[in-house]
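Residue indices begin at 1 and follow the sequence shown. Counting convention: from 1, in listed order, for ligands and their atoms alike.
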Amino acid sequence: MSRRKRAPAVLKKKTAAVPTVAARPFAYRNRTLHCDGVSLASLAEQHGTPLYIYSASQITERFQLFQKSFASRSHTVCYAVKANSSLAILRLLGKQGAGFDIVSGGELERVRKAHKPALKKVVFSGVGKQAWEIDAALKADILQFNVESEMELDLLAARAEALGIRARFALRVNPDVFAETHPYISTGLSEHKFGIDIKIARALYRRAAKSKWLDASGISVHIGSQIRKVDPFAAALERVTALVALLRRDGHDIRYIDAGGGLGIDYSDAPFDPAHQVERYAAALFKGLGDEQAHLLLEPGRFLVAQAGALLTRVLVLKKNGSKTFVITDAAMNDLIRPALYHAHHEIVPVRQPTGKASITADIVGPVCESGDFFARDRAIANVKPGDLVALLDAGAYGMSLSSNYNSRSRPAEILVEGTTTKLIRRRETMRDQLGPEVL
Ligand SMILES: *Cc1c(COP(=O)(O)O)cnc(C)c1O
């Protein structure tokens, strides 16, 4: 059933003001799957497979949905780099005014290279920041460190003093809110390693105020990823907002509230209205914030890039073992690990539009030597044969960024589609790339 149908009338009305954004930029034209104006068959011809393909216009549209829905507030969208850290995608978002949420010194260097002016809009998250990473971020004059432990706060103060640069920081509090998602990507319960117990945060801010090298500029929260219901976001922000009032009373000049990321998408073939989802999300955050006027920081990752991307792969072999049929593709878990890691579902569609209804039920798997190397199990899929191309949809987030060289496989090339033109944004790896760092 469509989410739109279930929505209360008042929200439905609001949605109408936002231009419709298709959930995916992939559609059949002349019986061939296209990304915007570009045929996936021709991309495979030109660049080989497996191949990641992203739509620039879809990423832009998603970013603009956030800009629109949060327009009534002073805010910055800090795209979570780890979702897809391609330089071209970072530049695309940076040029539109996005800031960035980073989790390592490496991601800081990516932002610097992709769009240097965005360094001042960087927030630095992560539970294990090292001195060299903190130093690099201090020198880059990033917006804020999201600090996740008392020890990290001490380290930050020490590095700030050593460099003579005052550090703006937020404590990332753990609001003890349950967000219904996969256990590996839920972070907002006190049993998780993330954040600082909200009950002791006030005392830590008080302690931090004793160091002139620390500036308590904000507070942050992030409760997990692929969260579909928006109520947990409201609940978390409500707790954070209550704490901000206390912190101000204690004399801290809190200017930023960082609401984290985590807004989920629909990976199935059910109708999905991204504009409506962002509207609901904004409404939930506004509810949690009440009258609070601090500058709002948002850290969406998946929502901006997941549905813009697909992993294009070619069928190598069809194989029957007993009663089971296997479709073996030239992409594998090293290229897209989400099904193996989270039992994640990805829609898999043939590039040549099927003419009849003929389908097979099969496991779609890669060539890697692991039973966990699967993309789908017992999936009804069009009658494919060796040599056919299929696309794994919604692979733009946590696809390439989680890829590896396992089984000594070279990682895929990446293409950015801009309307009817295409740009190779990362060439296919070669064995030379793989062997380069090794010493005999
Ligand atoms: C991973 C992460 C995000 C992005 O999460 P999405 O689910 O991709 O939106 C944002 N903030 C922090 C701190 C994260 O760790």
Side-chain angles (χ1 to χ4, degrees), residues 59 62-63 65-66 70 75-86 89-90 93 98-104 106-108 111 121-129 133 137 142-149 152 169-175 177 179-189 192-196 218-230 232-233 236-237 240 256-267 274 277-278 281-282 284-285 296-309 338 341-342 344 394-402:
I59 295 170
R62 290 284 171 107
F63 177 70
L65 286 184
F66 270 79
F70 287 92
H75 74 277
T76 306
V77 175
C78 297
Y79 165 67
V81 172
K82 73 176 187 291
N84 186 321
S85 45
S86 155
I89 288 174
L90 300 184
L93 286 165
F100 296 96
D101 169 47
I102 62 166
V103 291
S104 72
E107 289 189 349
L108 181 73
V111 173
K121 296 186 203 171
V122 162
V123 293
F124 192 171
S125 307
V127 292
K129 299 180 190 76
E133 297 176 305
I142 66 162
L143 180 63
Q144 181 171 281
F145 291 83
N146 289 347
V147 171
E148 302 218 14
S149 67
E152 185 191 329
F169 80 94
L171 291 190
R172 172 174 171 184
V173 296
N174 188 321
V177 163
E180 213 172 295
T181 184
H182 190 280
Y184 286 7
I185 50 177
S186 174
T187 60
L189 278 178
H192 297 127
K193 72 178 173 186
F194 299 98
I196 290 168
I219 187 161
S220 80
V221 70
H222 172 73
I223 55 173
S225 197
Q226 182 52 14
I227 297 166
R228 296 294 310 278
K229 295 197 177 120
V230 297
F233 294 114
L237 216 49
V240 164
Y256 301 100
I257 295 182
D258 185 338
L263 185 63
I265 58 147
D266 197 320
Y267 281 94
Q277 181 72 345
V278 180
Y281 176 66
L285 294 195
L296 185 60
L297 300 174
L298 303 157
E299 301 173 349
R302 184 191 315 271
F303 199 87
L304 298 188
V305 294
Q307 301 199 281
R338 297 190 69 259
L341 192 58
Y342 313 120
D394 307 326
Y398 306 105
M400 188 63 174
S401 63
L402 269 166

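Under 4.0 Å from ligand 1, the heavy atoms of His222 that appear belong solely to its side chain. With a 4.0 Å heavy-atom cut-off, ligand 1 is reached by no atom of Phe303.
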Test side-chain contact (heavy atoms from CB on, under 4.5 Å) applied to Leu143 and Leu297, step by step: CA-CA 11 Å; Leu143 180 63; Leu297 300 174; 3.8 Å; yes
Gln226 vs Tyr398, side-chain contact (heavy atoms from CB on, under 4.5 Å): CA-CA, chis, key distance, verdict: CA-CA 11 Å; Gln226 182 52 14; Tyr398 306 105; over 6 Å; no
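Closest approach of Val230 to Leu263, counting heavy atoms only: CG1-CD1, 4.4 Å. Scanning all heavy atoms of the two residues, the minimum distance from Leu296 to Ala259 falls at CD1-CB, 4.2 Å.
The single protein non-hydrogen atom nearest to atom 4 (C) of ligand 1 is Ala80 CB, 3.4 Å, given as residue, atom name and distance. Protein heavy atom closest to atom 7 (O) of ligand 1, with residue, atom name and distance, is Ser225 OG, 2.3 Å. Here the heavy atom of the protein found nearest to atom 15 (O) of ligand 1 is Lys82 NZ, 2.7 Å.
Phe66 and Phe303 have perpendicular rings, their planes meeting at more than 60° on a 0 to 90° scale where under 30° would count as parallel.
The distance criterion of under 3.5 Å between nitrogen or oxygen atoms is not met by Arg172 with respect to ligand 1. Polar contact check, Gly301 against ligand 1: a nitrogen or oxygen pair lies under 3.5 Å apart.
Figure legend: cation-pi geometry between Lys129 and Phe124, with NZ or CZ positioned under 6.0 Å from the six-membered ring centre and within 45° of its axis.
Counting atoms of ligand 1 from 1 in the listed order, those under 4.0 Å from a heavy atom of Glu299 are 3 (C), 4 (C), 9 (O), 10 (C), 11 (N), 12 (C), 13 (C). Near Ser125, the atoms of ligand 1 lying under 4.0 angstrom from a non-hydrogen atom of the residue are 13 (C). When each atom of ligand 1 is checked for a heavy atom of Tyr398 under 4.0 Å away, the hits are 1 (C), 4 (C), 5 (O), 6 (P), 8 (O). Interface atoms of ligand 1 facing Arg302, defined by a heavy-atom separation under 4.0 Å, are 6 (P), 8 (O), 9 (O).
A donor-acceptor contact closer than 3.5 angstrom is absent between the side chains of Asn146 and Glu148. Inspection of the Arg172 and Ser125 side chains reveals no N or O donor paired with an N or O acceptor under 3.5 Å.
For Pro300, the closest heavy-atom approach to ligand 1 falls below 4.0 Å.
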